[in-house]
Protein chains: 2
Amino acid sequence: MATIDDVARTAGVSTSTVSYVLSGKRPISAPTRARVERAIEKLGYRPHAGARALASARTNVIALMAPLRVGVSVPVIMQFVAGVVTRARDFDHDVLLLTQDDVSGLDRVTGGSMVDALVMMDIEADDPRVPLVAAAKQPTVLIGLPQDPEGLSCVDLDFEAAGRLAVRHLAQAGHADVALIGSPPEVLRRHTSYAERMMRGLRDQARSSGVTVKVEACDSSPAGAATAVDALLSTAPDTTGIVVHNEGALPHVLARLAERGLVVGTDMSVVAVCPRDVALSQRIPMTSIDLPAEDIGKVAVDMVMARLEGEQPSETRLLAPVLTERDSSAPGPAADVG
Amino acid sequence: MATIDDVARTAGVSTSTVSYVLSGKRPISAPTRARVERAIEKLGYRPHAGARALASARTNVIALMAPLRVGVSVPVIMQFVAGVVTRARDFDHDVLLLTQDDVSGLDRVTGGSMVDALVMMDIEADDPRVPLVAAAKQPTVLIGLPQDPEGLSCVDLDFEAAGRLAVRHLAQAGHADVALIGSPPEVLRRHTSYAERMMRGLRDQARSSGVTVKVEACDSSPAGAATAVDALLSTAPDTTGIVVHNEGALPHVLARLAERGLVVGTDMSVVAVCPRDVALSQRIPMTSIDLPAEDIGKVAVDMVMARLEGEQPSETRLLAPVLTERDSSAPGPAADVG
DNA sequence: CCGGATCGTCGAAGCGGTTCAACACGCTAG
DNA sequence: CTAGCGTGTTGAACCGCTTCGACGATCCGG
């Protein structure tokens, strides 16, 4: 591999000049720049990342900590990841991937100066990683909200608003009894905050819209979905509107409703909270509140980069939910008959 | 951040001694080692990754190039990734994540010495990335097979054997007319080799088992699956055994079969080629040939690490397929009646 | 015609590790 | 008693790049 000295020699300039051509931090005359660039081209020179990191205290790498295994729905994770990686490239950064459970990885990458910044997904209410990154010298952005987001940078969908929006949509369509089929019990147990925020919004809006709301936790398996649907329909048989906030369970919920002879979009209105493509790949196109995972990932990177440049203060950003009506929801019992 | 010199000073030794304590490359007496370790502990010292990379020409990072977007099924990708990341940690390496389409990323990370080695997923027959990594100084392992794997390291499921196994299973169960519902057309168009290897094995075994085999490409959408099923059943109405090699389409294929009044596991035997958990989360537990994505990822890392240590020659490893009988396959028309 | 900016370039000092040759020391063998 | 050896430790060179202070040249106004 050619070094910067090789380039300098073949261009007939000093190494610092080459460095300045590369970084643009000092003015270089056009002819000199041209000679240097020709030399770089000719030698196929690539700056050594380690040397650069050592000298400049910048790695141009950000760490992304993602849950590679359980619970959270896989397509959603991938979209977050895709968003983060592509946006990072826009800032000329690469992404180092850490798994959620590798808590010591935080120390490793921050303490070892392997990365300039961190993005962490799937934050729990009382997340053990939060104090660690708060102590790190690298800025961090959390995807999801911990108990106390004070002084931290966070992004997420505004699930509380999403809950309100879903209920408002159903209530306005004339549904008087609605339900949530939500996250698996273990997610609730971990107090992943989105589930709780969702429920809060749901209940708020139910109260002010004057509708009843029943909540069922739901395993992502076919059996779990069946159990939840059955439980719901036996304890709240008047339910005509369901919000499903569980991508994994969604197809199985729909299957169970069908098995019980309920036609979604006619007998039962269903609003899904999930990524657009998941909503579109069900047996019928689902009315849904989009979970813009890729966008959230991108925003996370934008925020972390902002903090890396200027000394932006930390902030938490909640993205407004958007509901798209498709074929799975329809007017309910109390609807004005046009 | 404390440096190695700080540690040396507080331990009362030279920096090289600290370095040797850390690396174990020279014998250090117990008392000295203890003093150094205490100092490290006390100062919370972490070696600077960049400095280390510069001096040792080793980054302890491997690059993983994964398709973060289309085509290939998302859960499978995640399992590959999870396998790679966890196994990399066993070798004290971290993972830098590149997207498939970021071809220039290869140059960047190899030329810039950002990584010690590479793992690339989703290799196509005539993959443009192959010549690039072949020219790189870092060893590379491909997940999937290019046209000519000569001189390259590759891992994959032995799809040809999987095809044979699937047909043999169905043929032995008494099915005389079988079919493949396979990858989306665009995957075939890219000549991703697994699809072709699968078909080859399928046809080979069909010939020697004396059964007919019909092949349908299949989009992963509900509509695509319906089209494929309908086409199959109209052009080959005698089909009683289907191999589905398309995780995304699998649920929709099953749904369409049900819509047409065919009971899977009775009227129609279906063998899925997919990860175990996908097979288990369908409407009924599927007889399947496991696609051990996580294992493949791990093997890829093992191979790449082996090449990093000794000067192992490159090799290609095909994992033997395993078929697990569950509820979606049953004896067919020609079965001996017990 | 001179003093002082301005512009472009350079030299050298780090950045924080690894590693090699060398050395001090206490032993054993001759 | 000395030559020779192994063990444990050290000093210093080096890895490839960034960046700061300085310097020569050119240009301006006075």
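Naming convention: chains lettered A, B, ... in sequence-line order (proteins, then strands); numbering from 1 in each chain. This one's a predicted model, so the numbers in the text were calculated from it and none came from an experiment.
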- Query: Can you name the residues that form a salt bridge (charged side-chain N to carboxylate O under 4.0 Å, His left out) with Asp6(A), not counting sequence neighbours?
  - Reply: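 Only Arg9(A) meet the salt bridge (charged side-chain N to carboxylate O under 4.0 Å, His left out) criterion with Asp6(A).
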- Only counting residues at least two apart or in another chain, list the ones meeting salt bridge (charged side-chain N to carboxylate O under 4.0 Å, His left out) with Glu37(B). none
- Does OP1 or OP2 of dT18(C) have a side-chain N or O of Lys25(B) closer than 4.0 Å?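 It does not, given that no N or O in the side chain of Lys25(B) lies less than 4.0 Å from OP1 or OP2 of dT18(C).
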I'd like to check the side-chain contact (heavy atoms from CB on, under 4.5 Å) partners of [X]; sequence neighbours left out, ordered by chain and number.
X: Thr192(B); answer: Asp122(B), Glu124(B), Val187(B), Arg190(B), Tyr194(B)
X: Asp290(A); answer: Arg276(A), Pro292(A)
X: Asp126(A); answer: none

- Query: Where along residues 13-23 of chain B does a heavy atom fall under 4.0 Å from DNA chain D?
  - Reply: Val13(B), Ser14(B), Ser16(B), Thr17(B), Tyr20(B)
- The correct set of residues in residues 27-48 of chain B placing a heavy atom under 4.0 Å from DNA chain D is Pro27(B), Ile28(B), Ser29(B), Thr32(B)
- Item | Positional range of nucleotides in DNA chain D within the contact set of chain B, heavy-atom, under 4.0 Å | dG8(D) to dG16(D)
- Residue whose closest nucleotide on DNA chain C lies nearer the 5' end, Arg26(B) versus Leu54(B): Leu54(B)
Let me have the donor-acceptor pairs involving side chains of residues 78-91 of chain B, under 3.5 Å, with sequence neighbours excluded, atom names and distances please.
from	atom 1	to	atom 2	distance (Å)
Gln79(B)	NE2	Asp277(B)	OD1	3.1
Thr86(B)	OG1	Ala82(B)	O	3.0
Thr86(B)	OG1	Gly83(B)	O	3.2
Arg87(B)	NE	Asp302(B)	OD1	2.8
Arg87(B)	NE	Asp302(B)	OD2	3.4
Arg87(B)	NH1	Asp90(B)	OD2	2.6
Arg87(B)	NH2	Asp302(B)	OD1	3.2
Arg89(B)	NH1	His93(B)	O	3.3

- Message: With side-chain hydrogen bond (donor to acceptor under 3.5 Å, both in side chains) as the rule and sequence neighbours excluded, what pairs involving residues 38-55 of chain A come up?
- Response: Arg46(A)-Asp107(B)
- Message: Does anything in residues 132-145 of chain B form a side-chain hydrogen bond (donor to acceptor under 3.5 Å, both in side chains)? List the pairs, not counting sequence neighbours.
- Response: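 Sorted pair list: Ser113(B)-Lys137(B).
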- Item | With Thr99(A), the side-chain contact (heavy atoms from CB on, under 4.5 Å) member among Asp101(A), Val103(A), Leu97(A) |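 For Thr99(A), the side-chain contact (heavy atoms from CB on, under 4.5 Å) test succeeds with only one of Asp101(A), Val103(A), Leu97(A), which is Asp101(A).
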For residues 23-31 of chain B, run the donor-acceptor check on the side chains, cut-off 3.5 Å, and write out each pair with its distance to 0.1 Å, sequence neighbours left out.
from	atom 1	to	atom 2	distance (Å)
Ser23(B)	OG	Ser19(B)	O	3.2
Ser23(B)	OG	Lys25(B)	N	3.3
Ser29(B)	OG	Thr32(B)	OG1	2.9

